Amino acid sequence: MQEFVYHIVQKDIVGNKLVALNSFKETNPALYERYTKKYFDHPDRPKLLTKKVPKLNCLWNDVIHFLPLHPNHVYNALKSLDIQIVEDMRFFKIPIEKLKDNNNAM
C-alpha cells in the first residue's frame, strides 16, 4: 500500500516544484506579499512569520507543510461543524517516498 501526503495547489502556481514561502522574499516579492496576507487575518497569525521550528532549526515559512490525511476527511469534518471553507480547493497527492531525502519533521 502506497502512502501519501497532500499539499494545497495555489490557483496561480508556477514552476514544477514546491518551494517554501520564504524563498519568495528574494525571487518573487509580489508573490511573497500576496501569500503572507493570509497571516494577518487573526491577531495571533502574524507571529507565525517569525516562529521557529525547533526540530528543523528554521522558520515556519521555510517549511513546506503537508496534510498527512486525505483532504476529504478534513473537508467533511469542517463541514459537519458548519465552518465556512473554500469548496474548490485542489491538492497535490505526493507519495511519501518522494520525501525520503528531505529534512522532515512531524
Side-chain angles (χ1 to χ4, degrees):
M1 178 174 143
Q2 191 170 30
E3 296 183 21
F4 301 92
V5 292
Y6 302 86
H7 184 79
I8 192 166
V9 178
Q10 298 297 331
K11 287 182 170 64
D12 56 353
I13 190 166
V14 294
N16 59 3
K17 69 177 188 175
L18 292 174
V19 296
L21 180 58
N22 278 346
S23 68
F24 289 127
K25 275 184 185 179
E26 298 292 324
T27 62
N28 195 332
L31 205 52
Y32 175 80
E33 183 178 339
R34 179 175 176 199
Y35 288 140
T36 55
K37 282 183 183 177
K38 69 181 179 183
Y39 289 95
F40 297 95
D41 66 354
H42 186 278
D44 290 332
R45 285 195 81 190
K47 297 174 191 168
L48 289 174
L49 296 172
T50 57
K51 182 173 177 64
K52 291 191 177 191
V53 180
K55 286 188 175 189
L56 298 175
N57 195 28
C58 64
L59 294 176
W60 176 267
N61 286 325
D62 290 326
V63 175
I64 298 173
H65 300 268
F66 294 103
L67 189 60
L69 65 154
H70 196 284
N72 283 346
H73 297 301
V74 177
Y75 174 84
N76 291 334
L78 292 172
K79 288 299 269 186
S80 74
L81 297 170
D82 290 326
I83 295 174
Q84 293 272 344
I85 56 173
V86 177
E87 304 247 348
D88 64 344
M89 295 175 116
R90 295 181 314 138
F91 289 82
F92 289 119
K93 181 178 180 181
I94 302 164
I96 59 172
E97 67 262 5
K98 297 278 187 180
L99 306 176
K100 70 179 179 180
D101 296 325
N102 295 342
N103 190 7
N104 302 304
M106 290 180 58

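We're numbering straight along the sequence, starting at 1. Bear in mind the structure is a predicted one, so any value in this text is a computation, not a measurement.
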Is there a side-chain contact between Y35 and N28 in this structure, where contact means two heavy atoms from C-beta onward sitting under 4.5 Å apart?
no
Which atoms form the tightest heavy-atom contact between K98 and I94, and what is the distance?
CB-CG2, 4.1 Å
hydrophobic_cluster_shared for L31 and L21, side chain cutoff 4.5 Å:
yes
Would you say the side-chain atoms of N22 pair up with the backbone N or O of L59, donor to acceptor, closer than 3.5 Å?
no
E33 atom CD: more than 12 heavy-atom contacts under 6.0 Å
no
Checking side-chain contact (heavy atoms from CB on, under 4.5 Å) for the pair I85/V74: CA distance, chi angles, key distance, verdict?
CA-CA 11 Å; I85 56 173; V74 177; over 6 Å; no
Within-4.5 Å side-chain heavy-atom neighbours: W60 and L49:
no
If you look at every heavy atom in A20 and S23, which pair is closest and at what distance?
O-OG, 2.6 Å
Of all heavy-atom pairs linking H65 and H7, the shortest is O-ND1, 2.7 Å
Output for pair (F4 CZ, L67 CG), nearest 0.5 Å, gives 14.0 Å
Not counting sequence neighbours, list each pair that qualifies as a ring pair (Phe, Tyr, Trp, His ring centres under 6.0 Å) and has a residue in residues 69-106.
Y6-H70
With rounding to the nearest 0.5 angstrom, report the CG to OH distance, N61 to Y32.
6.0 Å
Are F24 and V9 joined in one hydrophobic group, where the rule is that I, L, V, M, F, W and Y side chains link up if heavy atoms are under 4.5 Å apart?
no
Reference residue F66; test side-chain contact (heavy atoms from CB on, under 4.5 Å); the match among I96, V5, I8, N104:
V5
Looking at N57, I want to see if its CG is surrounded by more than 12 non-hydrogen atoms of other residues, nucleotides or ligands under 6.0 Å.
no
Do other residues, nucleotides or ligands put more than 12 heavy atoms under 6.0 Å from the CD atom of E97?
yes
State the OG1-NZ distance between T36 and K25, to the nearest 0.5 angstrom.
9.0 Å
Mind checking the CG-CG spacing from D62 to N103? Nearest 0.5 Å is all I need.
11.5 Å
Using every non-hydrogen atom in the two residues, find where K38 and R45 come nearest and quote the distance to one decimal.
O-NH1, 3.1 Å
Grouping ILVMFWY residues whenever side-chain heavy atoms fall under 4.5 Å, the cluster of L56 otherwise contains V53, V63
Are L99 and L69 linked, directly or through intermediate hydrophobic residues, by side-chain heavy-atom contacts shorter than 4.5 Å (ILVMFWY only)?
no
